[in-house]
Amino acid sequence: MSQPVLSVKDLSVVFHLRRGDFTAVKSISFDIMPGEVLGVVGESGAGKSMTGTAIMGLIDPPGEISSTSITLSGDRIDGLDEESLRKIRGRRIGMVMQDPLTSLNPLFTVGEQLIETIRRHLPLSQDEARARAIALLADAGIPDPQNRIDSYPHQFSGGMRQRVVISLALAAEPELVIADEPTSALDVSVQAQIIKVLKRLCAERGVAVMLITHDMGVIAEAADRMVVMNKGEIVETGSVGDIINRPKMDYTIKLIEAIPSITAQNPRYAAAVAKGHSFASEKTDEPLVVVDNLTKQFDLSGSFLSRITGRNRKIVQAVNGVSFSIQRGQTYGLVGESGSGKSTCARMMVGLLPPTSGTVSLEGTDIWSKGAEKKRRSKIQMIFQDPYASLNPRWRVGEIIAEPMRALGIARKPGEIAERVADLLERVRLDPVSMRKYPHEFSGGQRQRIAIARALSSQPEFIICDEPTSALDVSVQAQVLELMSRLQEEFGLTYLLISHNLAVVRQMADEVGVLHNGNLVETGPVEQIFGAPQADYTRMLLDAVPDISKVA
Amino acid sequence: MLAFILKRLGQSILVMLAVALIAFVMFRYVGDPVASMVSQEASIADQELLRERLGLNDPFYEQFFRFIVNALQGNFGISYRLQTPVAELVMSRLPATIELALTSAAIALVFGILAGVFTALNRKNPAAAAIMAFSLIGVSLPTFLIGIGLIYIFAVELQWLPSFGRGQVLDLGWWTTGFFTETGLRSIILPAITLSLFQMTLIMRLVRAEMLEVLRQDYIKFARARGLSKRAINFSHALKNTMVPVITIAGLQLGSIITGALITETVFQWPGIGSLFLSSVAVVDVPVMAAYLIFVGFVFVIVNLIVDILYYVVDPRLRIGAAKGH
Amino acid sequence: ETLRWARQSDALTLDPHSQNQGVTHTFNHHIYETLLDRDVEGNLQARLATDWYVKEGDETVWVFELREGVTFHGGEEFTAEDVVFSIERAKSENSNMRQLHADVESVAAVDDYTVEFQMAGPSPLYPNNITNTFIMDKGWSEENDLTAVQDFAAGEENFAVRNTNGTGPYVLAERDPDVRSVLTVNEDWWGEAPAVTEIVYTPISDNATRVAALLSGEVDLVQDVPVQDIERLAGTDGVKVETGPENRTIYFGYAMDDEPLISSNVTDENPFANPLVREAMSLVIDRDAIRQVVMRGQSLPTCVNMPPFVNGWTEELDACPAVDVERATELMAEAGYPDGFSVTLDTPNDRYVNDEAISQAFVGMLGQIGIDVTLASRPVAQHSPLILNNETDFYLLGWGVPTFDSAYNFNDLVHTKDDEYGTYNIGLYSNPEVDEMIESLGTMTDLEARNGVIADIWAQVQEDRVFIPVHNQVLAYAMRDDMTLAVHPENQPSMTGVVFE
Amino acid sequence: MNDITPTAPKSRLARIVDSDIFYSYRTSPVAVVSSIVAAVLILAAIFAPFIAPYDPFNPRTLNLMNGFTPPMSESFSGSYFLLGSDHQGRDVFSAILYGSRVSLMVGLSAILFAMLLGVTLGLIAGYRGGLTDTIIMRIADVQLSFPSILIALLIFGIARGIIPPNQRESMAIFVLIFSIGLSDWAQFARTVRGSTMVERQKDYVSAARIIGVKPVFILIRHILPNVLGPVLVIGTIGLALAIIAEATLSFLGVGVPPTQPSLGTLIRIGQQFLFSGEWWILFFPAITLVLLALSVNLLGDWLRDALNPRLR
Ligand SMILES: Nc1ncnc2c1ncn2[C@@H]1O[C@H](COP(=O)(O)OP(=O)(O)OP(=O)(O)O)[C@@H](O)[C@H]1O
Ligand SMILES: Nc1ncnc2c1ncn2[C@@H]1O[C@H](COP(=O)(O)OP(=O)(O)OP(=O)(O)O)[C@@H](O)[C@H]1O
Ligand SMILES: [Mg+2]
Ligand SMILES: [Mg+2]
């Protein structure tokens with residue numbers, strides 16, 4: 001076999017922090033061959049991104065890199081000075097950074113950033129560089145690249161931005177591409193397309209790819225070999241098929257088990273079927289929540305004047321005549337690609353955003369009618385998409401959880417409140433001592449549990465969960481989902497579960513609605529939707545989901 | 001965009017009316033113009049006569065209305081002190097102030113931004129710490145003291161630069177400029193430095209703080225990952241992103257350079273509207289004071305408008321209005 | 001030779017009759033001329049008039065004989081009709097000089113070089129009033145529509161505000177108000193050719209900057225020199241300072257009527273109405289300390305509210321009693337204020353030399369006898385209306401005497417306040433007998449008898465302690481040391497008097 | 001995020017000492033030195049009556065003949081003046097101590113007042129948006145058009161009409177605080193408004209709205225703590241400016257009486273003696289002001305960096 005494109009020996013990354021050193025990566029070694037895709041997986045904080053950043057020489061103080069050697073096609077690249085590194089970065093190693101939304105400079109057009117990078121590394125004229133930039137965008141699947149090249153990043157959707165970042169990484173035809181979560185912001189269909197581009201590069205030009213992700217499905221689909229990391233160390237390495245089908249180490253086994261599969265049937269459905277009951281026909285009670293013909297328009301017209309005269313009106317139809325109902329004690333899953341109106345629905349149902357038309361009724365009362373506020377506040381709660389942003393960083397966890405009790409007058413005496421908070425924390429499996437701490441002192445999974453504890457604090461009947469696990473890695477996600485199911489059983493809660501992770505929805509929901517451009521294209525019992533989807537859009541969505549079970 | 005400008009212009013008119021109104025209320029408390037207009041032997045009856053003639057005995061709203069009507073026609077009356085038409089007086093002083101303000105603003109911007117970038121890039125460097133500390137002297141001493149200190153060092157002791165005035169100016173008819181004569185250029189140095197010190201400190205600190213923030217953004221890291229040169233990263237990518245807040249403050253500061261020029265112009269006997277205003281306050285020359293305030297109000301309004309437009313130029317995210325998901 | 005001359009402020013206008021203000025007159029004296037003016041001792045001297053006297057047989061007429069062969073800058077000949085025109089203009093409604101000519105009923109040209117002033121009654125001291133009334137050319141004025149003095153309220157500018165045509169030693173070459181004015185010598189002037197052939201006049205309002213400009217050699221002559229800088233300037237190579245007395249007294253005054261004070265803790269009566277309190281106050285002021293420390297030796301302590309130049313001044317009146325705090329304390333107890341009282345002193349802070357510091361020093365001295373003074377210090381633009389409206393209990397003021405006669409002080413400061421008289425009688429002192437004597441002064445022709453009345457009035461004023469005078473101001477001009485310019489008592493220096501070494 | 005899970009709750013003090021801010025403070029010599037300097041100056045001002053050898057505010061104790069005594073020498077009447085005496089025979093050292101008191105009181109109160117007003121209006125403008133925002137921001141425009149001198153004159157004139165004459169001088173200091181504060185609020189309002197507009201979008205605000213927390217409490221308890229960082233920094237620069245503004249206003253007759261000089265007034269007085277050789281009258285008060293401004297601002301700088309978690 002030929003020489004590896006990248007060879008890493010004994011790489012360590014140490015952060016010199018005030019409370020002692022923290023080793024993010026512990027002497028790891030691995031190689032990547034030309035044309036090979038190496039998948040790197042592991043739970044959040046395992047050191048995956050650090051490894052990639054360290055290879056680029058981009059670790060900032062107080063971080064420090066040490067290694068025996070890092071070679072790129074035989075050339076040592078560790079310990080080089082900043083200037084020599086600049087010649088390698090972008091030119092020989094391309095990198096896709098983890099967060100595409102913030103990786104692009106918002107003040108420069110996509111084209112400017114591409115051309116700048118191309119001309120820095122390749123001897124091309126302005127026009128040639130522009131032509132190349134357009135070709136790159138087209139490769140990455142951006143429609144109409146001639147026109148879109150002069151757009152600013154904010155004019156692109158998250159998925160498009162991610163594709164631009166990929167084009168940028170590929171701009172100077174590097175030998176090695178380090179792609180850190182390149183598809184995390186994409187819907188499944190676009191994700192599939194990107195994976196195709198990467199694979200084609202490997203095949204056609206022998207480029208080596210280091211693909212960092214926590215989505216096992218993507219690995220299964222794209223990678224040849226994979227590395228499993230935990231706490232800065234490599235736990236296991238081998239071919240994708242080997243590891244997924246025959247994991248050896250405990251950690252790997254746990255990780256693989258935690259992955260919800262899109263093809264696995266809903267457990268309750270499966271149980272019901274096993275017992276011979278029919279799962280879908282429980283629709284006997286009066287539904288708890290009824291959404292009827294819900295519509296939301298956003299008026300984006302700039303000025304007061306044009307709003308009055310009605311000229312130049314720019315109206316976004318975010319939600320369009322959506323109707324569905326949710327049974328008490330059940331979970332309704334709402335799926336759909338990014339921007340399809342899921343969160344907007346949620347905000348109207350919780351009382352944050354008045355609907356343009358249509359009604360949301362809870363136990364028969366319209367929550368937007370006069371005098372319904374009290375009921376709405378005490379019975380509906382929401383868990384937000386980003387747990388960190390929904391916790392006030394300046395408040396202690398105890399205060400955060402206690403706020404709904406105070407505001408709704410559920411408990412008033414300090415002693416009683418403290419008791420209840422402690423109880424709630426225990427229920428979400430957190431140490432009651434943590435009520436003294438601030439949100440930033442918790443991990444993502446723990447924060448999500450705090451958010452759940454707060455939602456439970458007001459003793460609601462109905463909880464809207466907007467992407468409750470999107471910020472979490474698979475193992476933590478599994479814990480949170482498990483917790484939610486347990487609480488549902490305990491308190492008889494009703495959930496609206498919003499997610500673009502279809503596997504999660506299949507596992508959790510009793511009924512499912514599919515949103516597309518604000519329209520509810522399909523709704524029905526979970527196994528009906530997943531098992532026999534009716535709408536084209538649903539079918540397309542389901543087809544695009546990568547799945548580990550496809551690995552041979 | 002046009003609608004936005006029109007809306008802002010409408011608001012601006014209200015702002016200016018408010019400025020004029022408050023100014024008028026204020027004049028009652030600044031002193032009595034008559035007391036400083038008559039000589040010490042003028043009898044009470046004479047003073048009363050003058051007050052009557054100047055319309056100072058009319059009800060407040062009548063005086064205000066008259067002022068607004070006249071001002072709309074570009075007529076700000078006659079200066080009580082210098083007995084020349086106020087509009088003419090202000091116009092003849094304007095070039096001096098504007099040249100001083102622009103020079104100071106340029107100094108403040110250029111040095112403020114350079115020093116801000118330098119101190120942000122070399123946060124631990126002792127030279128940067130020294131610049132940070134030294135710049136504070138600019139804000140902790142009164143302007144008049146700094147001005148006199150500079151005069152003492154550079155005019156009296158070293159005799160390098162003139163201590164007062166504008167030097168020789170070139171009269172272009174509608175404008176007088178000191179930019180094309182040697183004495184004119186030498187004369188502007190000290191007052192411009194004095195006037196710019198405060199704004200320079202502010203801009204420098206602001207740029208530094210914003211730069212530190214921006215340099216840690218992902219897109220800077222990504223720019224490094226793309227192998228861009230240091231200069232492109234620091235001055236093109238990072239600096240441009242610090243500009244939005246800097247423009248806000250710098251814009252406000254350009255306005256306050258003009259109000260801040262009061263003391264500087266007086267110390268350096270700079271023949272601008274600032275010193276004109278202060279001499280007018282001393283003798284309660286109401287027409288000049290009113291015209292000055294209207295002018296300054298106008299400057300602020302224009303500057304704010306330009307700042308808002310500049311936002312659009314610098315930050316494309318603002319161009320499509322408020323369209324934003326969450 | 002060119003003289004670069006700096007002072008605190010600029011002439012307000014070049015219209016000779018529009019403003020009665022020292023700085024304006026000083027500047028205009030170089031362009032326009034008056035019938036008479038004052039020399040550096042303060043004596044009247046001939047200028048455009050060569051002789052002046054009361055008409056024989058008619059005590060109410062003043063005769064002025066005019067200088068012949070004088071021409072205006074525009075070439076017009078100077079004659080009696082210019083004088084008639086100018087005096088009438090100065091008397092006209094919008095003129096600020098009219099008060100000085102209030103007694104003139106009419107002016108008539110007897111021939112080309114003689115004018116007669118018909119007065120309302122005998123006015124023996126009238127010539128003192130014309131030292132700042134400038135003569136304009138009638139023809140030029142009429143041509144430029146200048147018969148009336150500018151009316152502010154009309155909102156129009158007057159030609160004379162920026163253009164001149166006088167008979168004086170200099171011709172206006174350049175004028176930028178507040179910034180710079182240039183005067184060049186008038187080759188055809190009737191007097192002796194002055195050594196200064198060009199004057200560059202620049203107002204510099206900041207004290208320190210003005211001094212710096214002289215030190216750096218950017219100007220040759222500086223007026224309005226701060227007293228604390230005199231010593232340093234005098235000790236600097238190439239610079240010298242001329243000092244001399246000014247015709248102005250700085251004094252304190254207080255409310256003397258029976259109304260309770262506005263700002264005092266004594267609310268049922270006016271402590272200042274008690275003569276014992278006033279005496280105590282006058283015993284406690286240490287004028288020598290003020291002179292030595294506050295004024296740096298640059299003042300002439302006095303106990304009468306008039307400078308030595310003024311008719312009626314005597315050494316006895318001027319002399320001060322020794323400071324006696326003990327006696328003052330007794331007096332306060334006797335007056336019924338053993339613990340003193342509180343009051344606010346209003347002082348300007350930008351008008352007279354070290355005005356605020358003088359007041360502050362007096363506050364300390366009054367503290368020794370229990371008078372607890374709060375000092376309220378303001379720019380003169382706010383101080384003036386305050387005191388003119390009698391909204392003060394206790395104040396500082398300076399008074400100049402342009403006529404060089406005591407009657408000027410009496411009319412404005414001592415006579416009971418009414419429409420005509422007592423404009424600056426801020427303490428509301430009122431004594432009908434004194435009022436009567438003051439009114440009689442205006443028409444008395446027997447100068448000796450008149451001086452007797454003046455002495456009587458002063459005796460009463462001093463006995464009643466209407467004022468607490470502090471000192472007469474001293475003027476200082478700083479200049480290059482190769483030139484000389486004497487200090488003028490009215491602060492009206494003429495650059496024709498400059499001599500170069 | 002580094003997941004550190006301390007097992008037992010610590011005492012409040014221990015938690016403070018252990019906090020990142022305190023750590024950054026301990027390891028920053030600039031912060032330590034400037035906080036010591038600021039503390040010394042502020043304590044000296046507070047305890048002026050116990051430290052100062054003389055009482056410069058009591059005119060009865062002054063002897064004019066002691067004027068212009070150079071530093072470290074005996075005066076006419078035999079008093080010893082460490083930093084010399086001024087033109088009224090006041091001990092410069094004592095005057096600085098007492099003057100700092102006045103200046104700090106005026107400066108701090110004015111800045112606090114400006115902050116209170118500016119932050120309140122900024123919060124409201126940023127949270128409500130729309131017409132409220134436009135009105136508040138245009139008022140800020142109007143305010144910015146007036147030099148603070150004129151605002152002070154206006155307020156003083158109005159106050160003169162309201163306050164009875166014998167209380168005017170004692171009210172002067174409050175009028176002064178009010179005037180300076182009123183001319184400074186706009187910049188706080190602008191800053192806070194910007195940050196509030198960002199914060200109000202965040203989900204923790206939505207979370208509070210869902211349970212019906214009143215807007216006032218959302219603003220005060222949720223948003224305010226999150227927008228206070230830059231406010232503190234502007235406030236520290238503002239302190240020096242407020243002290244200087246006070247001096248200018250006192251000169252215009254709307255400030256403290258010259259018999260009770262503030263630091264700024266001392267500088268203004270001392271400036272007259274710049275050319276005449278009595279340098280100490282200007283020098284010591286000016287140095288005090290520079291030290292005060294420098295230490296407070298360097299502390300502000302440090303605080304800005306320390307509060308920014310990315311810079312730790
Ligand atoms: N600037 C820093 N200072 C201290 N520790 C850091 C810093 N940056 C990252 N770390 C720590 O290094 C460890 C590895 O981080 P890294 O970003 O590589 O995780 P990851 O595997 O990419 O996780 P994720 O899937 O969440 O992106 C984490 O525990 C993180 O807390
Ligand atoms: N406040 C708003 N003003 C204008 N448009 C809005 C606003 N909120 C949402 N939208 C638009 O409404 C549409 C639906 O947005 P929504 O947030 O409901 O999507 P989503 O399905 O939750 O997407 P994601 O998966 O990315 O969270 C989008 O096109 C969005 O741009
Ligand atoms: Mg990562
Ligand atoms: Mg969403």
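Computation of the quantities below employed the complete heavy-atom set of this structure, encompassing side-chain atoms and omitting hydrogens, waters and symmetry-equivalent molecules. Per chain, numbering begins at 1; letters A, B, ... match sequence-line order.
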Assess whether atom CZ of B:F111 is packed by more than 12 heavy atoms of other residues, nucleotides or ligands within 6.0 Å.
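No - once you tally the heavy atoms of other residues, nucleotides and ligands closer than 6.0 Å, there are 12 at most.
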Counting only heavy atoms from other residues, nucleotides and ligands, does the tally under 6.0 Å from CZ of B:F179 exceed 12?
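More than 12 heavy atoms, drawn from other residues, nucleotides or ligands, come within 6.0 Å of this atom.
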Which region of A:T53, side chain (C-beta onward) or backbone (N, CA, C, O), has a non-hydrogen atom less than 4.5 Å from a non-hydrogen atom of chain B, or is it both or neither?
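Answer is side chain: those atoms of A:T53 sit under 4.5 Å from chain B.
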Heavy-atom pairs under 4.5 Å with chain B - which of A:Q113, A:M56, A:K87 has more of them than the others?
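Option with the top pair count is A:Q113.
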Below 4.5 Å, heavy atoms only, C-beta onward: do B:Y219 and A:M97 meet side chain to side chain?
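No; the side chains remain at least 4.5 Å from each other.
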Considering non-hydrogen atoms only, spot the tightest contact between B:A225 and A:M95 and give its length.
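Nearest pair, atom of B:A225 first, then A:M95: CB-CB, 4.3 Å.
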Check B:F222 against A:L168 and note the closest heavy-atom contact, atom names and distance.
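Heavy atoms of B:F222 and A:L168 come nearest at CE2-CD1, 3.5 Å.
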Kindly compute the distance separating CG (A:N105) from NE2 (B:H237), expressed to the nearest 0.5 Å.
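Taking CG in A:N105 and NE2 in B:H237, the distance rounds to 5.5 Å.
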Is there any residue in residues 226-233 of chain B with a non-hydrogen atom under 4.5 Å from a non-hydrogen atom of chain A, and which ones are they?
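Counting heavy atoms that sit under 4.5 Å from chain A, the residues of residues 226-233 of chain B involved are B:R226, B:G227, B:L228, B:S229, B:K230, B:A232, B:I233.
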